[in-house]
Amino acid sequence: MNDLNYILNNKEHVQELLKRKLYDCNLDELVDLVAKKRKLQQITETNKAEQNKLSKSVPQVKKAGGDVQEIFAKVKALSNENKENEENLKDLETKINKIVFALPNLPDEDLLGGGKENNKPIYIFKEQPKFDFPIKDHVELAESLGLIDYQRAAKIAGNGAWIYTGLGARLEWALINFFISEHIKDGFTFILPPHLLNYESGFTAGQFPKFEQDVFVLNDFNPERFLLPTAETALVNLHRNEILGDSELPKKYFAYTPCYRKEAGSYRTEERGMIRGYQFNKVEMVEYTKEDDSDRAFEELVGKAKSLVEKLGLHYRVSKLAAGDCSHSMARTYDIEVYLPSMNIYKEVSSVSNARAYQARRGMIRYKDEEGKIHYCHTLNGSGLATSRVFPAILEQFQQKDGSVLVPEVLQPFMGGIKVLKPIKK
RNA sequence: GGAGAAAUACCCAAGCGGUUGAAGGGGUCGGUCUUGAAAACCGAUAGUAGGUGCAAGCCUAGCGAGAGUUCGAAUCUCUCUUUCUCCGCCA
């Protein structure tokens, strides 16, 4: 949610910024609605003040033996008038909220407008790996090495699923353990949140009301709950409706959870194997900061995500996303994209974003400065990392001529010292 | 899943239709006393959201959430949520 007064005072600029985010809107209606609402609010509140004053005088008048009926009639009249005003007010507010809640975050000024095509790689690690033999894709490798069972996954779950088996499960778990140990080293607080969250959490993170179709909603609950699409949704709600102390910030969290996503209408044929499923594992980092500290935190999170991929030894790049490719709630996003030789493309393993005060405003996440003044926090999040993209990248980038795959050194301690994954005989 | 109880400010807690936006206690902050501290005493102490104003301030909302009854609701009614106790079931 954006600052309403800022929108009102900078209408043209806001429209222009949102256009960079490929969100075309005319805010005239909003400005008009807010003006109407504030005017009506003034009238209603003045009435209400009068009504309260009269009501309060009843006991004294009664005691003095005065006529109370006259006051009753007056208050009743005011009350009726106000009832109508209040209904109109509520109506106006609903209309205003509908517009404001749906507005995306404003992109940072330095971002290029437009979509994916304007993303800019700003950092590259290592060279593209060269192979002097015909390479296999990760699906072939995962199957020949006995790491993933796609057939049985379809049997027991349906499409968009896979099963980690044996060493595959151990490799997956080693990745998660490696990430966790790095974050602990960096002083981040480990959180294991619930996977079923309530509507308010979805609203604060920015999933609702606009992206309800992307998550699994469970209507057996009253009120409904949903499966978290990323641990960010949980972490960013930890301090919802709270006022943090000045000295508590920055707060640094990370969590491991599976992420559940509908991904309606996804690129199924192109993305076979484990690139896109209904469920994938991810370790997620979230920071809460003061307003003037979020740029620092952003660099920190990008740096952390980079260092994880680097320690694994994978060739990757960092892309600065164009405004239109940043997600709805975010002012700025850098993607860490790992190279998949079989497809000759770079796939996101981490997305680091600064939401600035957008989520904090939705969830009333605030802090009190030394002078006792209340401010909105800034929230940032970054994957650290999503395993379902790292796993294939490891298989593909580290494959050998004999069909085996080298296990990155940093993972070996988490895999009982296994250094090579060898093809299994069928 | 069944039965019951509860939700009031930083914490505990009174209030059960009207000078209550809230007694009392604790805490916290300031002061007196003291060489200093403790104790005692005195004083202060709703945070928040929205509106309005250059500002001091003022107005509105707000006693778990929402709706209702009433001239008037923390107080009465309904719905929901959460917590606790007991029973059942269970990792």
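Letters go in sequence order (proteins before strands), and every chain restarts at 1. Only heavy atoms go into these numbers, but all of them, side chains included; no hydrogens, no water, no symmetry mates.
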- request: Map A/Lys53 and A/Lys37 onto RNA chain B by nearest heavy atom, then report which one ends up closer to the 5' terminus.
  value: A/Lys37
message: For A/Lys19, is the NZ atom crowded, meaning more than 12 foreign heavy atoms sit under 6.0 Å from it?
response: no
- prompt: Using atom P of each nucleotide, how far apart are B/rC41 and B/rU48 to the nearest Å?
  reply: 31 Å
- request: State, yes or no, whether a side-chain contact exists between A/Lys210 and A/Phe101 at a heavy-atom distance under 4.5 Å.
  value: no
field: Aromatic plane relationship, A/Phe208 with A/Tyr199 - under 30° parallel, 30 to 60° tilted, over 60° perpendicular
entry: parallel
- request: Could you please name the option among B/rU60, B/rU69, B/rG51 that lies closest to any side-chain atom of A/Asn5?
  value: B/rG51
message: Check this for me: does any side-chain nitrogen of one of A/Asp186 and A/Lys252 sit under 4.0 Å from a carboxylate oxygen of the other?
response: no
message: For B/rG88, give the paired nucleotide (Watson-Crick: N1-N3 plus N6-O4 or O6-N4; G-U: N1-O2 and O6-N3; both under 3.5 Å), or none.
response: none
query: Under a 4.0 Å N-O cut-off, is there an ion pair linking A/Arg296 with A/Glu287?
result: yes
- prompt: How many angstroms lie between OG in A/Ser404 and CG in A/Leu145, if you round to the nearest 0.5 Å?
  reply: 7.5 Å
query: Within less than 4.0 Å of OP1 or OP2 of B/rA61, is there a side-chain N or O belonging to A/Asn52?
result: yes
field: A/Leu92 CG - B/rG50 C1' separation (whole Å)
entry: 15 Å
field: A/Glu248 CD - B/rC10 C1' separation (whole Å)
entry: 14 Å
- prompt: B/rA49, B/rC71, B/rU82: which one has an atom nearest the side-chain heavy atoms of A/Arg225?
  reply: B/rU82
- prompt: Given that both distances must come in under 3.5 Å, which nucleotide forms a Watson-Crick or G-U wobble pair with B/rC41?
  reply: B/rG31
field: Watson-Crick/G-U partner (both atom distances under 3.5 Å) of B/rA7
entry: B/rU81
field: Euclidean distance for P, B/rA40 against B/rA6 (whole angstrom)
entry: 35 Å
- prompt: Is there a Watson-Crick or G-U wobble partner for B/rA61 with both distances under 3.5 Å, and which nucleotide is it?
  reply: B/rU48
field: Nearest to side-chain heavy atoms of A/Gln41, which nucleotide of B/rA49, B/rG51, B/rG18
entry: B/rG51
statement: The nucleotide from B/rU81, B/rC71, B/rU48 with an atom nearest the side chain of A/Pro223 is B/rU81
Minimum-distance nucleotide (side-chain atoms of A/Ile374 versus B/rU48, B/rG50, B/rU81): B/rU48
query: Looking across every strand, which nucleic acid part, if any, lies under 4.0 Å from A/Ile243 by heavy atom: base, sugar-phosphate, or nothing?
result: sugar-phosphate
message: Taking only the C1' atom of each, what is the distance from B/rC54 to B/rC42 in whole angstrom?
response: 38 Å
- request: Taking all non-hydrogen atoms of both residues into account, name the closest pair between A/Ala153 and A/Trp162 and its distance.
  value: CB-CA, 3.4 Å
- request: Please state the C1' separation for the pair B/rC87 and B/rG15 - nearest whole angstrom.
  value: 34 Å
query: What interatomic distance, in whole Å, is found between C1' of B/rU83 and the corresponding atom of B/rG30?
result: 38 Å
message: For A/Glu29, I'd like to know if atom CD has over 12 heavy atoms of other residues, nucleotides or ligands within 6.0 Å.
response: no
query: Taking CD1 from A/Ile43 and P from B/rG50, how many angstroms apart are they, rounded to a whole number?
result: 21 Å
OP1 or OP2 of B/rA67 under 4.0 Å from side-chain N/O of A/Lys90: yes
- prompt: A/Glu50 has an atom CD; how far is it from atom P of B/rC71, in whole Å?
  reply: 18 Å
- prompt: So what's B/rC54 paired with, Watson-Crick or G-U wobble, going by both distances under 3.5 Å?
  reply: none
message: Let's see if you can work this out: which of B/rU81, B/rU60, B/rA49 has an atom nearest to the side-chain heavy atoms of A/Asn222?
response: B/rU81
message: Quick check on RNA chain B: between A/Ala49 and A/Met364, whose nearest nucleotide comes earlier from the 5' end?
response: A/Met364
- prompt: Across all strands shown, which nucleotide pairs with B/rG24 by Watson-Crick or G-U wobble geometry, both distances under 3.5 Å?
  reply: B/rC12
message: It should be established whether A/Ser79 places a side-chain nitrogen or oxygen under 4.0 Å from OP1 or OP2 of nucleotide B/rG72.
response: yes
query: When the C1' atoms of B/rC90 and B/rC16 are considered, how many whole Å apart are they?
result: 41 Å
Watson-Crick/G-U partner (both atom distances under 3.5 Å) of B/rG36: none
- line: Atom CG of A/Asn85 and atom P of B/rU60 are separated, to the nearest Å, by 15 Å
statement: In whole angstroms, the gap separating P of B/rG66 from OH of A/Tyr199 amounts to 16 Å
- request: Could you tell me which nucleotide pairs with B/rA74 by Watson-Crick or G-U wobble geometry, both distances under 3.5 Å, or answer none if nothing does?
  value: none
- prompt: Is a donor-acceptor pair below 3.5 Å formed from side chain A/Gln51 to base B/rG72, judging by atom type as modelled?
  reply: no
- prompt: Considering only side-chain heavy atoms of A/Glu45, which listed nucleotide, B/rU69, B/rC59, B/rU52, is closest?
  reply: B/rC59
- line: Side-chain contact check for A/Gln60: nearest option of B/rU48, B/rA61, B/rU19 is B/rU19
field: Spacing between A/Lys76 atom NZ and B/rC71 atom C1', to the nearest angstrom
entry: 8 Å
field: Between B/rU75 and B/rA7 - C1' atom distance, rounded Å
entry: 15 Å
- prompt: Atom CG of A/Asn241 to atom C1' of B/rU81: distance rounded to whole Å?
  reply: 14 Å
- request: Pick the P atom in B/rU77 and in B/rU82, then give their distance to the nearest Å.
  value: 22 Å
statement: Per atom distances to the A/Lys368 side chain, the nearest of B/rU48, B/rC71, B/rU82 is B/rU48
message: Under 3.5 Å, is there a donor on one side chain and an acceptor on the other for A/Asp214 and A/Gln207?
response: no
- prompt: The side chain of A/Ser55 lies closest to which of these nucleotides: B/rU52, B/rG72, B/rU60?
  reply: B/rG72
